[in-house]
Structure formats: structure tokens, C-alpha cells
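A quick write-up on the structure given underneath.
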Amino acid sequence: MSAAQKKLRQLLETEIQFGLSEIPRPPSPSKAARLAALCPLSGTRTQVVFGSGNPEARLMFIGEAPGFEEDKQGRPFVGAAGQLLTKIIQAMKLTREDVYIANCLKCRPPDNRNPLPTEIATCSPILKKQIEIIQPQIVCALGKFAAQTLLSTDEPISRLRGRFFDWQDGIRLIPTFHPAYLLRNPADKKLVWEDMKKIMQELGP
Ligand code: URA
């Protein structure tokens, strides 16, 4: 018997001497607690950021998770990274109303930390349903979390970006760098522009 087992035995023997006849079950969590556990970020987010744009879009952009501004406004990509994404979309001679924009997570992780695997597992069925409903011609995955989630891979974004993958139902998926990464690494904007040109070519006129 291990030291921990001996200690437990002594504890139980003492409790029995004090009248313990059965070990009480821990109380089961309330329904409210069980509902909250379905969406672990529901306790810290301000609102759900579901997605925005054209449900008939031929092109979808998928990011990581709402940040501070998105959580406040309820729309994806409206902060600094979002402004850069808007410029990229405009450089493609499109508008945000032509495309559909969504994220892997629908709720902001506290302090903008990276999404946890459990949070991605909770939210990704909704993201996949959004794509299945919209049926775009092309999905552009922005950054490692979107690319790795949708392609079920852990290959680094530097190796995934700029390549077309056949996703499902004839939908083509191309990963590129996340606009927030470009704000920190502006020299890589030219690589993203190469990827956008591939998308424009694939979309055609
Ligand atoms: N970054 C994301 O990935 N999504 C947003 O909506 C905003 C910033």
C-alpha cells in the first residue's frame, strides 16, 4: 500500500469512528454551469461574432478569433488587422460586401490569447457548417489556426500558404498569412499579395 493510500485509509477509519456510514457524492453541476461549459468563452466574451458579408459569396476569408474591437462591435475583422484585411480585399477589386468573413472561434479569448484546442473543437463544426451553407468557390484561411483547423494538419503556415487544396464539395482552400502577422512583418505583404493574385486568377472575371 502506498503512503497516499495509507493516509486515506487512516482518514476513513477516523471518519467511520465519528459515524461516517457512506461517502457522500459530490454535488452534480447545475444546468446553468453545464450550459456555460458548452461554450467555455461565454463567461468572458461580450457577444458572439458569428460572421459577416454576402451569404452568396464566391470567396470566404476565415480568421482566428474575435479581438477586442470585434467583441465590442459584434463583427469580424474591424480592428487594426481588419482594416488591413479590408485594404487587401479592396486591392482585389472587391468589397467586404462581396465576400464573407468569419473566424474559427465565435467568441473572443480573454486577453487575445491563442485559441485552445478545446475551443477550436467546440466552434469548428459551426465554421464548417457556415462554409457548407455558403458553398464559396474559394476559402482563404488567414493564418495558422484557420489553415490547420480546416485542413486538419499541423504543418506550419509558412509551408501551407500560397497552395490551393481541394477542401470538400469542390471548394478550393488557400492559406495565407494572417493580417495581424503582416502588421508585425510588413515585408511579407508581398507574399500575401502573390496569394491574392492566385485567388483572383482562380475566381476569374
Ligand atoms: N483577428 C481575427 O482572426 N479575427 C478577427 O475577427 C479579428 C482579428
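Both ligands and their constituent atoms are indexed starting at 1 by order of listing.
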*Heavy atoms only: which of E70, E64, R75 is nearest to atom 3 (O) of ligand 1?*
E64
Testing the basics here: between [X] and [Y], what is the closest heavy-atom pair and its distance to 0.1 Å?
X: A81; Y: A180; answer: CB-N, 3.8 Å
X: I131; Y: P136; answer: O-CD, 3.5 Å
X: F50; Y: K106; answer: O-NZ, 3.6 Å

*Which atoms of ligand 1 sit under 4.0 Å from any heavy atom of P76?*
6 (O)
*If you count the atoms of ligand 1 from 1 in the order shown, which ones are under 4.0 Å from a heavy atom of G63?*
3 (O)
_Taking atom 4 (N) of ligand 1 as the reference point, the nearest protein heavy atom with its distance_ = N103 OD1, 2.8 Å
*How close does the nearest protein non-hydrogen atom get to atom 2 (C) of ligand 1, and which residue and atom is it?*
A65 O, 3.2 Å
*When rounded to the nearest 0.5 angstrom, what is the spacing between CZ in F165 and CG in L150?*
11.5 Å
*Answer side chain, backbone, both or neither: which part of H178 comes under 4.0 Å from ligand 1, heavy atoms only.*
side chain
*Run the ring-ring contact (aromatic ring centres under 6.0 Å, His included) check on H178 and F77 step by step: do they pass?*
CA-CA 11 Å; H178 193 286; F77 281 99; 5.5 Å; yes
*Are any non-hydrogen side-chain atoms of I62 and L142 less than 4.5 angstrom apart?*
no
*asked:* Counting only nitrogen or oxygen atoms and a 3.5 angstrom limit, does F77 reach ligand 1?
replied: yes
